[in-house]
There are 4 protein chains.
Amino acid sequence: MSMAEGRALRADARRNRARILEAAEAVFAAQGVSASTEDVARRAGVGIGTVFRHFPTKESLVEEVFLGRVRMLADKAAALSEADAGTAFFRFFAYAVEQAATQNAYADVLAEAAATGGTGGEEGAAPSAVGRELAAALAELLARAQRAGAVRADMGVAELVALLIGASRAAEHVGPEVRRHTLDIVFDGLRPHE
Amino acid sequence: MSMAEGRALRADARRNRARILEAAEAVFAAQGVSASTEDVARRAGVGIGTVFRHFPTKESLVEEVFLGRVRMLADKAAALSEADAGTAFFRFFAYAVEQAATQNAYADVLAEAAATGGTGGEEGAAPSAVGRELAAALAELLARAQRAGAVRADMGVAELVALLIGASRAAEHVGPEVRRHTLDIVFDGLRPHE
Amino acid sequence: MSMAEGRALRADARRNRARILEAAEAVFAAQGVSASTEDVARRAGVGIGTVFRHFPTKESLVEEVFLGRVRMLADKAAALSEADAGTAFFRFFAYAVEQAATQNAYADVLAEAAATGGTGGEEGAAPSAVGRELAAALAELLARAQRAGAVRADMGVAELVALLIGASRAAEHVGPEVRRHTLDIVFDGLRPHE
Amino acid sequence: MSMAEGRALRADARRNRARILEAAEAVFAAQGVSASTEDVARRAGVGIGTVFRHFPTKESLVEEVFLGRVRMLADKAAALSEADAGTAFFRFFAYAVEQAATQNAYADVLAEAAATGGTGGEEGAAPSAVGRELAAALAELLARAQRAGAVRADMGVAELVALLIGASRAAEHVGPEVRRHTLDIVFDGLRPHE
DNA sequence: AATGAATGAGTATTCATTCAT
DNA sequence: TATGAATGAATACTCATTCAT
């Protein structure tokens with residue numbers, strides 16, 4: 001009441017919230033989102049009631065976890081925009097796919113969130129602010145790479161997102177070597193065409 | 001109770017098994033594999049006990065359903081092998097992806113089954129006979145296309161499967177137009193390089 | 001399939017259903033309807049799943065229990081109709097109240113069910129068949145007693161039900177002597193007036 | 001933290017206590033006593049901890065709220081004692097019933113409280129001071145009406161309380177017209193006989 | 001062989017109560 | 001003293017699996 005904070009949670013409450021999200025991220029990645037909320041609580045070292053105080057539904061917890069991952073990718077994309085356009089683009093693509101490979105359960109929802117940000121996604125998923133953020137970052141990255149002649153001009157963010165989704169999903173199922181090789185094939189497809 | 005037994009009952013049982021598989025395919029496609037076994041039984045018009053007599057676990061039922069889909073793909077691959085190599089290859093790829101797009105719940109397990117068939121899959125899933133069958137068909141299809149010069153030589157079945165998985169997963173999340181366009185990009189990547 | 005039964009439950013299933021209802025009756029009477037379903041199952045000696053198989057909601061179980069009580073009262077009312085009208089009426093009233101006194105949690109819902117059967121009840125409770133049955137029996141009982149001059153003419157089933165409810169509820173809170181005495185007062189009020 | 005403490009805080013606390021009771025009265029009346037304590041706190045505009053500081057159990061809060069209602073009835077009874085004995089008696093009876101009709105969740109506990117005040121109540125509930133107060137007021141009211149010949153002599157406070165409870169409970173279930181009519185019947189029963 | 005009733009571990013969610021801030 | 005975050009026992013309900021009929 002004396003500090004100027006947004007929805008000020010007490011320090012330890014904020015800490016707990018973070019721990020729960022962390023735990024959920026780990027648990028969902030390991031067992032899929034059908035893992036029990038109790039498992040998340042146990043891993044976070046808090047009572048089950050605490051989880052539900054912070055996230056009133058399991059669904060809301062799942063959403064928040066996905067949002068966290070999307071936000072991270074968006075940050076990464078924004079950061080890379082400054083560098084040499086083509087390199088930045090391909091480096092980001094590889095990075096995003098690599099991430100998804102280790103956090104398997106997320107890949108598609110992550111991508112879905114991105115898709116809601118203004119591409120060609122089909123379902124009426126909530127067009128989250130962060131999703132839009134990511135879409136904007138991707139658009140920038142792609143446009144620069146195209147202007148630099150590193151990426152074919154006849155494609156948009158929708159295709160980019162689709163390829164990210166696909167490559168991420170594929171990455172879950174194969175070893176690192178095949179992953180790299182497969183990515184090279186996709187990259188060749190992305191380059192300008194004679 | 002007073003009918004000719006032996007063969008008669010066997011035929012009945014076979015019919016039931018088929019009906020259950022059909023029902024499961026429909027139910028899982030509609031509600032995902034987390035649909036209840038009871039739903040499957042109801043749709044098949046049999047008792048729940050009958051389902052478990054034919055498939056001792058739910059998991060075994062799910063597997064069998066997926067196996068059915070994989071078998072279909074393998075057949076398609078084998079059939080196309082006869083045609084012009086390049087055309088066959090790309091036509092099959094597009095077909096498989098299109099299938100996955102409409103049967104979304106299956107895509108990943110389908111892909112997993114394929115992966116077990118001798119590629120670079122990581123988990124220790126049993127390398128099912130059908131999976132191997134599919135892998136063989138894919139190998140044939142790929143080899144012919146490569147020999148015909150329609151597909152780059154520096155890739156194997158592992159990469160093909162990875163791309164199939166990825167493209168299938170991506171297909172679930174985007175509309176048909178983006179899907180086609182994305183596939184073109186991947187196809188360009190698959191063609192022989194400079 | 002060979003016997004002519006309504007919704008034929010297997011013999012043991014019917015037995016279980018009955019046991020569950022009995023157990024629920026006892027448990028609800030002792031602890032109120034907020035007693036846990038698990039308690040009911042335990043008392044009935046069946047698994048929790050069995051309770052839910054027979055009564056898909058706790059609410060449905062509660063309803064069924066109440067219905068059982070109402071049905072019993074209706075039977076009693078019908079049986080008494082034959083006897084001397086005045087005696088029958090007052091005997092039934094006393095009996096119903098006595099019942100309620102020992103099965104405290106039910107009194108009002110029992111009465112509510114009766115009220116839905118065509119009296120002046122306020123809420124939109126489902127006009128259950130049994131409730132209507134009871135109302136009809138009550139109407140008959142009352143009309144006969146009135147024709148016999150044993151009960152005042154200026155009242156209807158609505159008032160009778162209200163008095164039954166009230167006397168039943170009151171009976172829960174006082175000892176048998178006071179109960180009898182209180183009932184006498186109400187009976188005096190019910191008799192024709194100078 | 002720097003204000004005049006001692007009295008000042010006490011006054012604050014007293015105000016909070018009152019607000020909580022008010023809120024509880026409203027919330028319980030609207031949703032029944034199974035409403036959550038958090039709802040009460042929210043409505044009172046205080047933290048949940050504050051509610052539990054003033055009332056160490058939820059039960060104690062519920063009791064206090066009921067006590068308040070009983071106290072009100074006792075006051076009413078005392079006030080009416082001054083008026084014409086017969087009128088006072090019947091007016092009070094009607095008033096008490098009318099109250100219960102609109103505040104349904106309370107009726108039985110209210111009645112219980114009254115019952116503990118020295119009548120024939122069965123359970124070992126603590127004979128609260130207020131309950132005794134009410135019983136005394138009722139005794140006075142009744143005695144006067146009996147002396148005035150307006151109420152039958154062969155009944156005591158126990159029967160009066162029983163009838164109040166019963167009429168109150170009945171009042172919850174029927175519309176105002178039936179309520180009035182039913183009350184007339186009870187009143188006829190209460191009047192001196194032949 | 002087919003049935004469907006029975007089972008009970010498991011799940012999300014609520015809520016009275018405690019306690020650090 | 002007031003706050004509200006944390007707690008965890010309790011609850012209704014689901015579903016894969018077993019087994020008597």
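Below, read A as the first sequence line, B as the second, and so on, with proteins coming before strands; counting in each chain starts at 1. From a predicted model like this one, the values you see are computed outputs, not experimental measurements.
Contact check for B/Phe52 versus B/Leu61: no side-chain heavy atoms found under the 4.5 Å cut-off.
Here the closest non-hydrogen pair linking B/Val40 and B/Ile20 is CG1-O, 4.0 Å. Scanning all heavy atoms of the two residues, the minimum distance from B/Val51 to B/Ala41 falls at CG2-CB, 3.7 Å.
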- Message: Between A/Val62 and A/Glu59, is the side-chain contact (heavy atoms from CB on, under 4.5 Å) condition met? List the steps.
- Response: CA-CA 5 Å; A/Val62 171; A/Glu59 210 192 343; 5.6 Å; no
- Task: Show your working on side-chain contact (heavy atoms from CB on, under 4.5 Å) between A/Thr37 and A/Phe55 and close with a plain yes or no.
- Result: CA-CA 10 Å; A/Thr37 317; A/Phe55 306 93; over 6 Å; no
- Item | side-chain contact (heavy atoms from CB on, under 4.5 Å) assessment of A/Val33 paired with A/Val65 | CA-CA 10 Å; A/Val33 295; A/Val65 168; over 6 Å; no
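Put simply, CZ on D/Arg17 is 16 Å from C1' on F/dT1, counting in whole angstrom units. At whole-Å resolution of the value, CZ in B/Arg42 and P in E/dT3 are 14 Å apart. Atoms CZ (A/Arg14) and C1' (F/dG4) sit 15 Å apart, rounded to a whole Å. Rounded to whole angstrom, the span from the CZ atom of D/Phe55 across to the C1' atom of E/dT18 amounts to 18 Å. Between the CG atom of C/Asp12 and the P atom of E/dT3 there is a distance of 18 Å, given to the nearest Å. Separating the CZ atom of B/Arg19 from the C1' atom of E/dA1 is a distance of 15 Å, rounded to the nearest angstrom.
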- Message: At under 4.0 Å between heavy atoms, how does the protein contact nucleotides 7-13 of chain F? Give one character per nucleotide, 5' to 3', with B, S or -.
- Response: BBB-SSB
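Sorted by first then second residue, the salt bridge (Lys or Arg N to Asp or Glu O under 4.0 Å) pairs that include residues 30-57 of chain A, not counting sequence neighbours, are A/Asp39-A/Arg42.
Listed by first residue number, the stems of DNA chain F with at least three Watson-Crick or G-U pairs below 3.5 Å are E:2-21 with F:2-21.
Contact annotation: B/His54 side-chain N/O to E/dA1 OP1/OP2 distance is not under 4.0 Å.
Residues satisfying the side-chain hydrogen bond (donor to acceptor under 3.5 Å, both in side chains) criterion with A/Glu64, sequence neighbours excluded, are A/Arg17.
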